Amino acid sequence: MKTILTALIGLFFILTSCKSDEERSNEIDNNNFKDLSYYELEKIGFKKIEDPETFNQGMQYLEEAAFKGSSSAAREVGLRYARGNGVTQDKWKAQSFLQKVSYEKDCQFELGRIYFEEATMEYEYKKAYECFSSLTYGDYDNYAEYMLGYMNYYGLGTLKDYKSAYNYFDASTKRPNSDTLYGADILGLGDARYYLGIMALEGQGCKKDYALAESHFSKCFYSNACKYMLGFMHYNGLCKRSSKNIAAMYIKQVYELEGFNELDREFNSKARQFWEEHELWKYSE
């Protein structure tokens, strides 16, 4: 009997020792997870997300820390869900965490972007507008001003106001850091130049001025939308030194090159149609 009991005890230790380190870690985590303070949770969570093998556990710790009041954990988790950084992008989860730290500029920026992208009703656009309005100074000023210009131009979250739209678009291109991560064509300044050019061309929010329109379009050479409009202006004799050869060059570049963003991609097909309808191949060298 003693021999059988000894064997059973030995078998028990063998079976328990076969559990993986991750399983044992999970058991420890499950036993202590809710008993820890938010400070302890965030400390463990930030350490665990540094290791790919414990990253998911770390996120669980940080989420629990955020629920218990940790602002640094809420920021980390919210931004990761907003950007799909290490996790599957989840805008609704991101929103719930970012709202806890909406006073931080990067979190306010992501909230505004999420509100805008997911908006289906006017009050949701107004929430996005409020977020962007609070970001006209600092690291996110370029994109915030571009979005305020866009929303004023189309009347989203605010009344349609071409003058304000023009001023916001113009301001977004004049910031000292307009060529940083949040500037240039990556997040909209190429589009800002496009809208400024269109507004000068049509006299929206400013006097109609073909030379000013050409200037705006010429200052964003990497934008397919701007290059298309330069081609359009050259073909229709609206430039200071209009040339159908130059028009053909610009239009050909647009339909041959893939755009950086949705607006640019839209002009790929427009350029192809313009090229064929006006037989621009006649003017192409």
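Here the structure is a predicted model, which means the values were calculated and not measured.
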Worksheet item: Any donor and acceptor pair, going by atom type alone, linking the side chain of Glu40 with main-chain N or O of Ser37 inside 3.5 Å?
Response: yes
Practice prompt. With sequence neighbours excluded, tell me which residues meet salt bridge (Lys or Arg N to Asp or Glu O under 4.0 Å) with Glu117.
Written response: Lys91, Arg113
Fill in: Which atom of Ala128 lies closest to which atom of Gly112, heavy atoms considered
CB-O, 3.6 Å
Fill in: side chain to side chain contact (heavy atoms under 4.5 Å, CB included) involving Ser218 - partner list, sequence neighbours excluded
Glu214, Leu230
Discussion item. Counting C-beta onward and ignoring hydrogens, is there a side-chain heavy-atom pair between Ile44 and Lys48 closer than 4.5 Å?
Written reply: yes
Worksheet entry | Partners passing salt bridge (Lys or Arg N to Asp or Glu O under 4.0 Å) against Glu63 (at least two apart in sequence or in another chain) | none
Worksheet item: Quick one: are Phe46 and Glu50 in side-chain contact, heavy atoms under 4.5 Å?
Response: no
Worksheet item: Roughly how far apart are Cys226 SG and His216 NE2, rounded to 0.5 Å?
Response: 10.0 Å
Fill in: Sidechain-backbone polar pair: Ser164 side chain, Asp161 backbone, donor-acceptor under 3.5 Å
no
Practice prompt. Kindly write out the residues that satisfy side chain to side chain contact (heavy atoms under 4.5 Å, CB included) with Ser215, not counting sequence neighbours, or none if the list is empty.
Written response: Lys219
Item to complete: Return the set of residues passing salt bridge (Lys or Arg N to Asp or Glu O under 4.0 Å) with Lys208 (not counting sequence neighbours), or none when no residue passes.
Response: none
Worksheet item: Counting only N and O atoms by type, is there a donor-acceptor contact under 3.5 Å from the side chain of His234 to the main-chain atoms of Ile246?
Response: no
Item to complete: Please name the pair of heavy atoms, one in Ser134 and one in Lys105, separated by the smallest distance, quoted to 0.1 Å.
Response: O-NZ, 2.9 Å
Fill in: Pair Glu279 + Lys282, salt bridge at N-O below 4.0 Å
yes
Discussion item. Can you give me the closest heavy-atom contact between Glu124 and Thr120, atom names plus distance?
Written reply: OE1-N, 2.7 Å
Worksheet item: How about Phe267 and Phe232: are their ring centres within less than 6.0 Å of each other?
Response: no
Item to complete: Provide the closest heavy-atom pair for Met233 versus Leu201 in the form atom of the first, atom of the second, distance.
Response: CE-CD1, 3.9 Å
Item to complete: Check whether any side-chain N or O of Asn268 sits under 3.5 Å from a backbone N or O of Val254 as a donor-acceptor pair, and report yes or no.
Response: yes
Worksheet item: Which distance, rounded to the nearest 0.5 Å, do you find between the CG of Asn224 and the NZ of Lys270?
Response: 12.5 Å
Worksheet, complete the sentence: To the nearest 0.5 Å, atom OH of Tyr228 lies from atom OH of Tyr255 at 13.5 Å
Fill in: Distance (rounded to the nearest 0.5 Å) between Thr173 OG1 and Glu145 CD
9.0 Å
Response to the item:
Applying salt bridge (Lys or Arg N to Asp or Glu O under 4.0 Å) to Arg80 and not counting sequence neighbours gives Glu76
Discussion item. Holding to side-chain hydrogen bond (donor to acceptor under 3.5 Å, both in side chains), I want the full list of residues that pass it with Ser102, two or more places apart in sequence or in another chain.
Written reply: none
Item to complete: Could you give me the CA-CA distance, side-chain angles and deciding distance for Ile49 and Tyr61, then say whether side-chain contact (heavy atoms from CB on, under 4.5 Å) is met?
Response: CA-CA 10 Å; Ile49 63 171; Tyr61 272 97; over 6 Å; no
Discussion item. Please check: side-chain N/O of Lys47 versus main-chain N/O of Glu42, any donor-acceptor pairing under 3.5 Å?
Written reply: no
Worksheet item: Do you know the tightest heavy-atom contact between Leu41 and Lys68?
Response: CD1-CD, 3.7 Å
Item to complete: Examine Tyr283 and Trp281 and state if one hydrophobic cluster contains both, with Ile, Leu, Val, Met, Phe, Trp and Tyr joined whenever side-chain heavy atoms are less than 4.5 Å apart.
Response: yes
Response to the item:
Correct closest heavy-atom pair for Ser284 and Trp275 would be CB-CH2, 3.6 Å
Practice prompt. Using modelled atom types only, decide if a donor and an acceptor are shared between the side chain of Thr54 and the backbone of Gln57 within a distance under 3.5 Å.
Written response: no
Discussion item. Among residues at least two apart in sequence or on other chains, which ones pass side chain to side chain contact (heavy atoms under 4.5 Å, CB included) with Glu277?
Written reply: Gln273
Item to complete: Look up atom CD in Gln60 and atom CZ in Phe55, then write down how far apart they are to the nearest 0.5 Å.
Response: 11.0 Å
Practice prompt. Can you measure from OH (Tyr250) to CD (Gln253) and round to the nearest 0.5 angstrom?
Written response: 7.5 Å
Discussion item. Under the rule for side chain to side chain contact (heavy atoms under 4.5 Å, CB included), what residues qualify as partners of Tyr153, not counting sequence neighbours?
Written reply: Tyr162, Ala165, Phe169, Tyr195, Ile198, Met199, Gln204
Discussion item. For Tyr168 together with Tyr146, are the ring centres under 6.0 Å from each other?
Written reply: no
Discussion item. Quiz question: by atom type and distance under 3.5 Å, do the side chains of Glu130 and Ser133 form a donor-acceptor pair?
Written reply: no
Worksheet entry | Under the side-chain hydrogen bond (donor to acceptor under 3.5 Å, both in side chains) test, residues paired with Tyr129 that sit two or more places apart | Asn152
Worksheet item: How far apart are the C-alpha atoms of Met151 and Phe116, what are their side-chain angles, what is the distance that settles it, and do they pass the side-chain contact (heavy atoms from CB on, under 4.5 Å) test?
Response: CA-CA 10 Å; Met151 296 180 81; Phe116 180 83; 4.0 Å; yes
Worksheet item: With side chains defined as the heavy atoms from C-beta onward, is the minimum distance between Tyr154 and Lys160 less than 4.5 Å?
Response: no
Discussion item. Are Leu36 and Tyr38 connected into the same hydrophobic cluster when the rule is that any two of I, L, V, M, F, W, Y join if their side-chain heavy atoms are below 4.5 Å apart?
Written reply: no
Discussion item. Could you tell me if the side chain of Leu156 sits less than 4.5 Å from the side chain of Tyr150, heavy atoms only?
Written reply: yes
Discussion item. Under the ring-ring contact (aromatic ring centres under 6.0 Å, His included) definition, can you give me all pairs with a residue in residues 79-107, not counting sequence neighbours?
Written reply: Phe67-Phe97
Worksheet item: Apart from Ile114 itself, what residues make up its hydrophobic cluster when side-chain heavy atoms of I, L, V, M, F, W and Y under 4.5 Å apart count as a link, directly or indirectly?
Response: Leu79, Leu98, Leu111, Tyr115
